[in-house]
Student: 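I have a structure I would like to understand better, so I am pasting it below and will then ask my questions one at a time.
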There are 4 protein chains.
Amino acid sequence: MSEVSLIISREVIALTKKNPSERKEEIRKAAVQVISNLGFHKTTTDKIAEAAGLSVGTIYNYFEDKEEILSYIFEVEREKLKSFFSDLNDSAQSPAKKLRLLLDRHFEMALENKKESKLLIDHRQMPVRKVSVEILDYSILLKSCFQSILEEGIASGGVRDDLDPELISGMIIGAADSVVVKSFFTDESPDEIFKGVSERIIRALLHGILSSKNQQV
Amino acid sequence: MSEVSLIISREVIALTKKNPSERKEEIRKAAVQVISNLGFHKTTTDKIAEAAGLSVGTIYNYFEDKEEILSYIFEVEREKLKSFFSDLNDSAQSPAKKLRLLLDRHFEMALENKKESKLLIDHRQMPVRKVSVEILDYSILLKSCFQSILEEGIASGGVRDDLDPELISGMIIGAADSVVVKSFFTDESPDEIFKGVSERIIRALLHGILSSKNQQV
Amino acid sequence: MSEVSLIISREVIALTKKNPSERKEEIRKAAVQVISNLGFHKTTTDKIAEAAGLSVGTIYNYFEDKEEILSYIFEVEREKLKSFFSDLNDSAQSPAKKLRLLLDRHFEMALENKKESKLLIDHRQMPVRKVSVEILDYSILLKSCFQSILEEGIASGGVRDDLDPELISGMIIGAADSVVVKSFFTDESPDEIFKGVSERIIRALLHGILSSKNQQV
Amino acid sequence: MSEVSLIISREVIALTKKNPSERKEEIRKAAVQVISNLGFHKTTTDKIAEAAGLSVGTIYNYFEDKEEILSYIFEVEREKLKSFFSDLNDSAQSPAKKLRLLLDRHFEMALENKKESKLLIDHRQMPVRKVSVEILDYSILLKSCFQSILEEGIASGGVRDDLDPELISGMIIGAADSVVVKSFFTDESPDEIFKGVSERIIRALLHGILSSKNQQV
DNA sequence: TATGAATGAGTCTTCATTCAT
DNA sequence: CATGAATGAAGACTCATTCAT
């Protein structure tokens, strides 16, 4: 067998046999697809398999059971978020700018990846037994990211210290979610909807909603 | 059939038969109870029947199917909210005060009726096919209530007119939900958690989060 | 409603609606039927349901799961055996006679109820997790019955006291089982096969197999 | 392919390739191991492969299907027994002595090879469709060995001729099995349990269980 | 109307077997 | 021959819904 043919046969292998993590990734994507269309409970293992172009049995070679697929989806999203937030913290930005960038990412993700985004907003209701305690839930993680920035702002004196960072984080995420949810049900192009939203959220948050002339309502 | 037995049977009927709307209400309450304990998907019709002290079959005399029970639950909640909001609008309060009062109601309900409250926050996930378009979703209604007050504030000049009322409503609801959700998972007494929250949310909303000395962050 | 019509309506109920224990008994019989034909592992819940003239779901109204059906079958058999043995002990028979009668019952049951009998002999292999320790296994119970008679014989001096009653019980049951098993695979009528077997087993057991003239082999 | 790589590949082959019967034997041993631990039905082909240090596919190069593995296991055991019995018959022992030696072998095997032993006792329950009629079942073979010795005893006059050798064989095997089964579930060391059992079984069998003084029970 | 036993379509999950490499 | 990922038929179990009483 010549060296060339050896290489060829390697290529052939590469084309047909996937390495395990690729397969797992395919299944994850298919699951995200189906779950965000149908919701977790109407999503059957058969449908995930079909969407992934596999047979049911194969799914069980990569995941213990149906719930583990969901756990894995969130695990991946958490890792992405952690990584982004770590980079964000390494950059020398003002807290306000950081809030903006974190929100921007939120909307960019929603744009690029409607499915994941829908799923992430919806997930609170899913009865996932197996997600162990030590693994932070995605929404808790997201909130803690915003909290962390706010606390930094308080520490540096820019942000009022009589605020509850957790509460304010809830406000930010709530505002963002309401926009994303709106984008699910509107015909308007998401681009249009998301344009300038981070900006507006942050501005309202920083300066309040009162008109400058009259500070009484 | 003897007279005696007739009387007896009347008494029996008197004891068991209720007027239809009472029965429906009993079933609704039982369903709220069970659903908020177990989540919609682990809630079986048998369990609802048991909680209502009825048999399964009876439920189907008052509701077409399981989903209709859920629709009805939200219908009732929407009616309550509409009624409250109507009264609120009739009162001569400032917009800021109205926002406070609407938030207060939110938390009072959460306190009094943890079950309904949990359910209302959770409902987005429920696969209710039959909720027809014309029936406004509870959360949409709630948002529109806040929006309406904000628009009033803008009209009267107290609130800045460069804000998106929908966005700000989302912020308020997001903040509120995050507190309520927190109360589900914490050992702290809900009274303690909810004390002064409306106040704090409104204050942050009105004046922003920047420290007064330094308006740059 | 007259008394007569009351009674009639009760009878009507009696004819159509079975009381729970009757249904359970029907399922038990169907299960015995199917299991002894196919073995426990090839017996599907569907087949049991079909044999019982019911649908799968109904079975699960009476049994927790498939294994519980098996547990129940043995529970019933153990109860029957206990009851028989209790009566046997109340009678004033010699130990030898008791052994005979217990064996006779064994074969009578095998005759009348081939299915149950096959199942009882086969059951050791079935992976029944749920049979709790305190519930004596049928075969252990049967052995303990024989043991008990033998110990009585030893106590009264008729039986040698240098024997291990457990071992001898094993001998008796082994002999009996081998005959019953043979009856499963032979064309000979079971009546013919079982005729006089108890007698022969007991005789061999009591006096041994050596020819009387020569006590050396 | 260069010469070097050829040599390497030959060495690899030399390390992994075994002659077919060795491989088959490895698989057989692994299967015995796994089956007697888990029972036939919880034994998967994957587990057998793992225990054999092979991959599933390989097993199917040596066996048609899963059941054939089981057939083969018993085939091997039957051959071993036949060989032993042939040697036993060639020796000039009294029938009583032969019974003793055959029983001794039974218990020695149980001692040495708990796994096989358990499997042999349990096998009646296994749903082996493919074991063809011409292949004698192990337990039938064992019984026929005992029968043959007993018939020799009858022929030579030492054993009473009014006995059914098949029945007596059943007694012996039943007694033996009950001891072996006991050893599976007891903490007592098997050595202790098996010590002198053959002796005791044969003695009881030869002379019966009646106390010598009193031949009535 | 109330009852609740019966129904059976629908799910998740397992595992013997195949086959491309 | 060895490999082991992929297959998909089969089975246990659930539960919304019906209907005879």
Side-chain angles (χ1 to χ4, degrees), chain A residues 9-10 12-20 23 41-49 53-67, chain B residues 12-13 16-18 20 23 41-50 53-67 69, chain C residues 9-10 12-20 23 41-49 52-67, chain D residues 12-13 16-20 23 41-50 53-67 69:
Chain A
S9 94
R10 267 180 199 156
V12 171
I13 289 175
L15 286 175
T16 52
K17 235 175 188 167
K18 303 247 171 147
N19 74 44
R23 255 301 126 81
H41 284 97
K42 281 196 228 152
T43 296
T44 64
T45 49
D46 279 0
K47 280 172 192 154
I48 295 177
L54 297 168
S55 65
V56 230
T58 304
I59 289 181
Y60 286 84
N61 287 337
Y62 295 89
F63 294 94
E64 276 294 306
D65 55 29
K66 198 184 159 194
E67 288 196 351
Chain B
V12 170
I13 288 174
T16 54
K17 223 174 188 172
K18 303 220 173 165
R23 266 288 137 88
H41 283 96
K42 286 194 209 150
T43 295
T44 64
T45 47
D46 277 2
K47 279 172 191 154
I48 295 176
E50 194 192 333
L54 297 169
S55 64
V56 232
T58 304
I59 290 180
Y60 284 83
N61 288 330
Y62 296 91
F63 295 93
E64 272 296 304
D65 54 30
K66 199 186 162 194
E67 290 195 350
I69 302 177
Chain C
S9 95
R10 267 178 198 158
V12 171
I13 290 174
L15 286 175
T16 52
K17 236 173 189 170
K18 303 245 171 147
N19 74 44
R23 257 300 126 82
H41 283 96
K42 281 197 229 152
T43 295
T44 65
T45 48
D46 279 0
K47 279 173 192 155
I48 294 176
L54 297 169
S55 63
V56 227
T58 304
I59 288 179
Y60 285 85
N61 288 337
Y62 296 89
F63 294 93
E64 276 293 308
D65 55 28
K66 200 183 157 195
E67 289 196 350
Chain D
V12 171
I13 289 174
T16 53
K17 223 170 184 175
K18 304 218 174 167
N19 78 49
R23 264 288 139 85
H41 283 96
K42 286 192 207 151
T43 295
T44 64
T45 48
D46 277 3
K47 279 172 191 153
I48 295 176
E50 194 193 332
L54 297 169
S55 64
V56 233
T58 305
I59 290 179
Y60 284 83
N61 287 330
Y62 296 90
F63 294 94
E64 272 297 304
D65 55 30
K66 198 186 162 194
E67 290 195 350
I69 301 176

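As a basis for the values below, the full set of heavy atoms in this structure was taken, side chains included, without hydrogen atoms, waters or symmetry mates. Each chain gets a letter, A, B and so on, in the order the sequences are listed, and its residues count up from 1.
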Student: If I take atom CD1 in residue D:Ile59 and atom C1' in nucleotide E:dT18, what distance separates them, rounded to the nearest angstrom?
Tutor: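 The distance from CD1 of D:Ile59 to C1' of E:dT18 comes to 14 Å, rounded to the nearest Å.
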
Student: Would you tell me if any nitrogen or oxygen in the side chain of D:Arg23 comes within less than 4.0 Å of OP1 or OP2 on F:dA2?
Tutor: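 So the side chain of D:Arg23 is within the cut-off, an N or O lying under 4.0 Å from OP1 or OP2 of F:dA2.
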
Student: Any side-chain N or O of A:Asn61 below 4.0 angstrom from OP1/OP2 of F:dA5?
Tutor: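 No.
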
Student: Quick one: closest heavy-atom pair of B:Thr43 and B:Lys66, and the distance?
Tutor: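 For B:Thr43 and B:Lys66, the tightest heavy-atom pair comes out as O-NZ, 2.8 Å.
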
Student: If we call it a pair only when both distances are under 3.5 Å in a Watson-Crick or G-U wobble match, what pairs with E:dT21?
Tutor: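 In the structure as shown, E:dT21 has F:dA2 as its Watson-Crick or wobble partner.
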
Student: Map A:Val56 and C:Asp46 onto DNA chain F by nearest heavy atom, then report which one ends up closer to the 5' terminus.
Tutor: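 Upstream on the strand: A:Val56.
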
Student: When rounded to the nearest 0.5 angstrom, what distance separates OH in A:Tyr62 from CD1 in A:Ile59?
Tutor: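 One gets 11.0 Å once the value is rounded to the nearest 0.5 Å.
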
Student: Roughly, in whole Å, what's the span from CD1 in A:Ile48 to P in E:dT11?
Tutor: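 Answer to the nearest Å: 12 Å.
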
Student: Classify B:Thr44 by what it touches in the nucleic acid, base, sugar-phosphate, or nothing, heavy-atom distance under 4.0 Å.
Tutor: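 Answer is sugar-phosphate: B:Thr44 comes under 4.0 Å of backbone atoms only.
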
Student: Considering all heavy atoms of both residues, which atom of D:Tyr60 and which atom of D:Thr45 are nearest to each other, and what is their separation?
Tutor: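 So the two residues come closest at OH-CG2, 3.7 Å.
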
Student: If only side-chain N and O atoms of A:Tyr60 are considered, is one of them under 4.0 Å from the OP1 or OP2 phosphate oxygen of E:dT14?
Tutor: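 Looking at the OP1 and OP2 atoms of E:dT14, neither is under 4.0 Å from any side-chain N or O of A:Tyr60.
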
Student: What's the closest nucleotide to the A:Lys66 side chain, out of F:dC1, E:dT13, F:dA16?
Tutor: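 Between F:dC1, E:dT13, F:dA16, the one nearest the side chain of A:Lys66 would be E:dT13.
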
Student: Expressed in angstrom and rounded to an integer, what is the separation of D:Ile69 atom CD1 from E:dC15 atom P?
Tutor: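 Atom CD1 in D:Ile69 sits about 15 Å away from atom P in E:dC15.
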
Student: Within the structure, does a side-chain N or O atom of D:Tyr62 lie under 4.0 Å from either OP1 or OP2 of F:dA2?
Tutor: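 For F:dA2, OP1/OP2 do have a side-chain N/O of D:Tyr62 under 4.0 Å.
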
Student: When the nearest nucleotide of DNA chain E is assigned to B:Gly57 and to C:Gly53 on a heavy-atom basis, which residue is associated with the more 5' position?
Tutor: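 Closer to the 5' end of DNA chain E: B:Gly57.
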
Student: Rounded to whole angstroms, how far apart are CG on A:Asp65 and C1' on F:dC13?
Tutor: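 It is 16 Å, rounded to the nearest whole Å.
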
Student: Please state whether the phosphate of E:dT11, meaning OP1 or OP2, lies under 4.0 angstrom from any side-chain nitrogen or oxygen of A:Thr45.
Tutor: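 Checking E:dT11 against A:Thr45, no side-chain N or O comes under 4.0 Å of OP1 or OP2.
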
Student: Hey, could you give me the CG/CG distance between D:Leu54 and D:Asn61, rounded to the nearest 0.5 Å?
Tutor: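 Reported value, rounded in 0.5 Å steps: 10.0 Å.
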
Student: Would you mind telling me which of E:dG4, E:dT7, F:dA2 lies closest to the side-chain atoms of C:Thr58?
Tutor: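 So the side chain of C:Thr58 is nearest to E:dT7.
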
Student: Mind calculating the distance between CZ (C:Phe63) and P (F:dT14) to the nearest angstrom?
Tutor: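 The answer, rounded to whole Å, is 15 Å.
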
Student: Measure the distance from CD on A:Glu67 to C1' on E:dT11 and round it to the nearest whole Å.
Tutor: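 Interatomic distance, CD of A:Glu67 to C1' of E:dT11: 14 Å.
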
Student: Suppose we define a pair by two distances each less than 3.5 Å, Watson-Crick or G-U wobble; what does E:dT13 pair with here?
Tutor: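 For E:dT13, the partner nucleotide comes out as F:dA10, under the 3.5 Å rule.
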
Student: Got a second to check how far D:Ile69's CD1 is from D:Glu64's CD, nearest 0.5 Å?
Tutor: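 One finds 11.5 Å between CD1 of D:Ile69 and CD of D:Glu64.
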
Student: Output the rounded distance in Å from NE2 (A:His41) to P (F:dT14).
Tutor: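 Computing the A:His41:NE2 to F:dT14:P distance gives 15 Å.
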
